[in-house]
Amino acid sequence: MTSAPIHQSGRHFLQLPGPTNTPPRVSEAVARATIDHRGPQFRTLALEVLAGIKPVFKTASPVIIYPSSATGAWEGALVNTLSPGDGVLMYETGWFATLWFRLAAKPGLAPELLPGDWRSPVDPQAIEARLAEDRAHRIKAVCVVHNETSTGVTSDIAAVRKAIDRADHPALLMVDVVSSAGAIDYRHDEWGVDVAICGSQKGLMLPPGLSFNVVSNKALDACQSARLPRGYWDWHDTLAANDSGAFPYTPATNLLQGLKVAIGMLNEEGLEAVFRRHRRAAEATRAAVRHWGFEPQCRHDQAHSPVLTAVRMPQGISADAVRRAALERCNMSLGGGLGQLADRIFRIGHLGDFSAAETLGTLAAIELSLRHAGIPHRSGGIEAAVAVLADERGSESPALVA
Ligand code: PLP
């Protein structure tokens, strides 16, 4: 017997830490008629977004835009700068750092993963110590995730840069900013990052489908001698074409139309205000979570992510039961636990385009879902969240801004 589909009224709350809710203005731009990717209208659009995206990463360097998921940009960063057998030092912040590590082995690199507990940020001292041992400079790149989306932990990238400098090591610094760019302060040039990797579906408020490499001069130099095979991902072809507003293949024209609008929205609000809005939503969410009697996955006060909160369930309680109740009873999607955290945590996204009303609506729906799922908790988490949002002085001391 098949059961009748449950009618879901109201709009769906997509409270994942990506993909995030696409603002109607961006959706409208993506839905506009497709244009000639070799015509003058596209050229103007391309030159505008290629220039307009740079301040989002706080860089004057070129930004490569690929029609791919962010995983493609991970690969683009590696194959454009490295050669077979090169050492790559990575840090196990969680699921996404681990995925990048596994990807790095595939084209013939020699990645090593410094162990982490999936509850803590990158330890710059561990990076420094490992680089200091590497006197032959076999390690050619240090790769870290700025905001680990699987755990809700943000790392201090400026401190990683300083660690590499203290070890006096020439390795490139590559940073995954997939869930931080456009939502958490990220300073590509000031922090001396060589390649940043990003995707469109999080702080940039677009649907999935675009990815980015932000490329320093040192990375461009490395690209001259890098010997890993590359075709589609080759920066040279793209940069040469981008000079005149073209791409070496058919670009994702409609997503680029959306990107122009999304960049405009970030500028309208102001990047610093965008960062503050995310920090406040995160504080309010943590207040509710703690009131309910649960613990965030992140165990360091200075490293709580502004864009998502991963909530640990007490031993023996299914985190997926909360997500199921949220979806079936509240028409809301929450993120699940990934890898070793499957069914142990659920993840609340407060990322992209949202208001205080949406933050509170999300938290109220979670409290309702906890009741529906029969999970013991202290009710009244919303009051705790409202108190944070009502306090105008909140969030004025940003964590992790060096
Ligand atoms: N890096 C981080 C930090 C992510 O959160 C994700 C996806 O959520 C990825 C990389 C992979 O991105 P994609 O699924 O777009 O390939």
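First listed ligand is number 1; within each ligand, the first listed atom is number 1.
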Exercise. For T34 and T253, what are the C-alpha separation, side-chain angles and deciding distance, and is it a side chain to side chain donor-acceptor pair (under 3.5 Å)?
Worked result: CA-CA 7 Å; T34 301; T253 46; 5.0 Å; no
For this session: Show your working on salt bridge (charged side-chain N to carboxylate O under 4.0 Å, His left out) between R286 and E283 and close with a plain yes or no.
Result: CA-CA 5 Å; R286 286 197 300 279; E283 263 185 52; 5.2 Å; no
For this session: Mark yes when over 12 heavy atoms from residues, nucleotides or ligands other than Q41 sit less than 6.0 Å from its CD; otherwise mark no.
Result: no
Exercise. Is there a donor-acceptor pair under 3.5 Å between the side chain of R344 and the backbone N or O of M313?
Worked result: yes
Problem set entry | Top protein contact for atom 12 (O) of ligand 1, by heavy-atom distance | A70 CB, 3.3 Å
Seminar exercise, completed: The closest protein heavy-atom partner of atom 11 (C) of ligand 1 is T71 OG1, 3.8 Å
Exercise. F13 ring centre to R11 NZ or CZ under 6.0 Å, with the angle to the axis within 45°?
Worked result: yes
Seminar exercise, completed: among protein heavy atoms, the one nearest atom 10 (C) of ligand 1 is W74 CZ2, 3.2 Å
Problem set entry | Contact partition for I197 relative to ligand 1, non-hydrogen atoms under 4.0 Å | neither
Exercise. Counting only N and O atoms by type, is there a donor-acceptor contact under 3.5 Å from the side chain of N242 to the main-chain atoms of A246?
Worked result: yes
For this session: Counting heavy atoms only, name the option from T149, L103, L16 that's nearest to atom 3 (C) of ligand 1.
Result: T149
Exercise. What residue and atom, counting heavy atoms only, is the protein's closest point to atom 1 (N) of ligand 1, and at what distance?
Worked result: D176 OD2, 2.6 Å
Seminar exercise, completed: Note: K202, heavy atoms under 4.0 Å from ligand 1, region reported as side chain
Problem set entry | Within-shell test, E148 vs ligand 1, heavy atom, strictly < 4.0 Å | no
Exercise. Which residue owns the protein heavy atom closest to atom 7 (C) of ligand 1, what's the atom, and how far is it?
Worked result: F96 CE2, 3.3 Å
Exercise. When you look at R323 and D320, which way does the salt bridge (charged side-chain N to carboxylate O under 4.0 Å, His left out) test go after all the steps?
Worked result: CA-CA 5 Å; R323 296 174 55 232; D320 287 346; 3.0 Å; yes
For this session: Check if L99 has a non-hydrogen atom at a distance under 4.0 Å from any atom of ligand 1.
Result: no
Problem set entry | W100 to ligand 1, any heavy atom closer than 4.0 Å | no
For this session: Tell me, yes or no, whether the heavy-atom count around R138 atom CZ, taken from other residues, nucleotides or ligands under 6.0 Å, exceeds 12.
Result: no
Problem set entry | Per-atom contacts, ligand 1 versus V178 - under 4.0 Å to a heavy atom | 1 (N), 2 (C), 3 (C), 4 (C), 6 (C), 10 (C)
Exercise. Hey, which atoms in ligand 1 end up nearer than 4.0 Å to a heavy atom of S69?
Worked result: 13 (P), 15 (O), 16 (O)
Problem set entry | Which of the ligand 1 atoms, numbered from 1, are nearer than 4.0 Å to a heavy atom of N147 | 3 (C)
Exercise. Can the ring centres of H350 and H278 be said to be less than 6.0 Å apart?
Worked result: no
